[in-house]
K.L.:
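Input: one structure, supplied below.
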Amino acid sequence: GESVGLHLPTLSVQEGDNSIINCAYSNSASDYFIWYKQESGKGPQFIIDIRSNMDKRQGQRVTVLLNKTVKHLSLQIAATQPGDSAVYFCAEIYSGGGADGLTFGKGTHLIIQP
Amino acid sequence: EAQVTQNPRYLITVTGKKLTVTCSQNMNHEYMSWYRQDPGLGLRQIYYSMNVEVTDKGDVPEGYKVSRKEKRNFPLILESPSPNQTSLYFCASKRQGVVNEQFFGPGTRLTVL
């Protein structure tokens, strides 16, 4: 079936470096892709999204890149800070898949080394 | 403060003892949803509601019930909990018609012995 997954379960980076978290998806009909951040003991928090007709979108310190050719999504975090330590989920929305058709990936744990 | 609240945050119970996890949002959102989160499986949708008195099954509805009598509340009911329902549960809400952003509650960690 269609699914969204992540390449690496854990990513360790030095404080101040840039982080790149990857995600593969399989449903070429998805309309939206979203990145969520989940800190320990909290619910997922929206970070940034991108429509399927875009290939790049920038936020504050974050950039999402979408490569539809290889069905790949990435989240880039610039100048990683200790507060960026969390599990990051990608999710895809396929409007033909139900009320919101939201499918989550399994998550990547970002660890910041001092 | 705009938020989604859940109660209880932690619950340990025994097999077969009915329980309810409450969810409430103060953002006047039409859409509400329940997810469970399990290691290695990510977030999976249990039930969702597009408005008052309208509920539908998600991906893993077996063993759960929901109700939506009021716009702000969306309780999750486990009539006869079993150990395989031990999980971390999240309630979420969003405006109907807004595709992308859901607001999540803080989570309820349920253990069924």
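In the text below, chain A, chain B and the rest are named by the order of the sequence lines, each starting its count at 1.
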K.L.:
Consider only side-chain N and O atoms of B/Y89 and B/Y64, and report whether a donor and an acceptor are under 3.5 Å apart.
P.N.:
yes

K.L.:
Can you name the closest pair of heavy atoms from B/S93 and B/H29 and give their distance?
P.N.:
OG-ND1, 2.8 Å

K.L.:
Answer with side chain, backbone, both or neither: which region of A/Y36 has an atom nearer than 4.5 Å to a non-hydrogen atom of chain B?
P.N.:
side chain

K.L.:
Treating Ile, Leu, Val, Met, Phe, Trp and Tyr as nodes and any side-chain heavy-atom pair under 4.5 angstrom as an edge, say whether B/L19 and B/L88 lie in one connected cluster.
P.N.:
no

K.L.:
Would you confirm whether B/Q6, through its side chain, and B/C91, through its main-chain N or O, come within 3.5 Å as a donor-acceptor pair?
P.N.:
yes

K.L.:
So, are A/R57 and A/D49 salt-bridged, with charged N and O less than 4.0 Å apart?
P.N.:
yes

K.L.:
Answer with side chain, backbone, both or neither: which region of B/L43 has an atom nearer than 4.5 Å to a non-hydrogen atom of chain A?
P.N.:
both

K.L.:
Contact part of A/Q45 toward chain B, heavy-atom cut-off under 4.5 Å: side chain, backbone, both or neither?
P.N.:
neither

K.L.:
Taking non-hydrogen atoms and a cut-off under 4.5 angstrom, which of residues 104-113 of chain B neighbour chain A?
P.N.:
B/F104, B/G105, B/P106

K.L.:
Do B/L78 and B/M32 share a hydrophobic cluster, counting only Ile, Leu, Val, Met, Phe, Trp and Tyr and linking them when any side-chain heavy atoms are less than 4.5 Å apart?
P.N.:
yes

K.L.:
Determine whether the side chains of B/E70 and B/N73 contain a donor N or O and an acceptor N or O closer than 3.5 Å.
P.N.:
yes

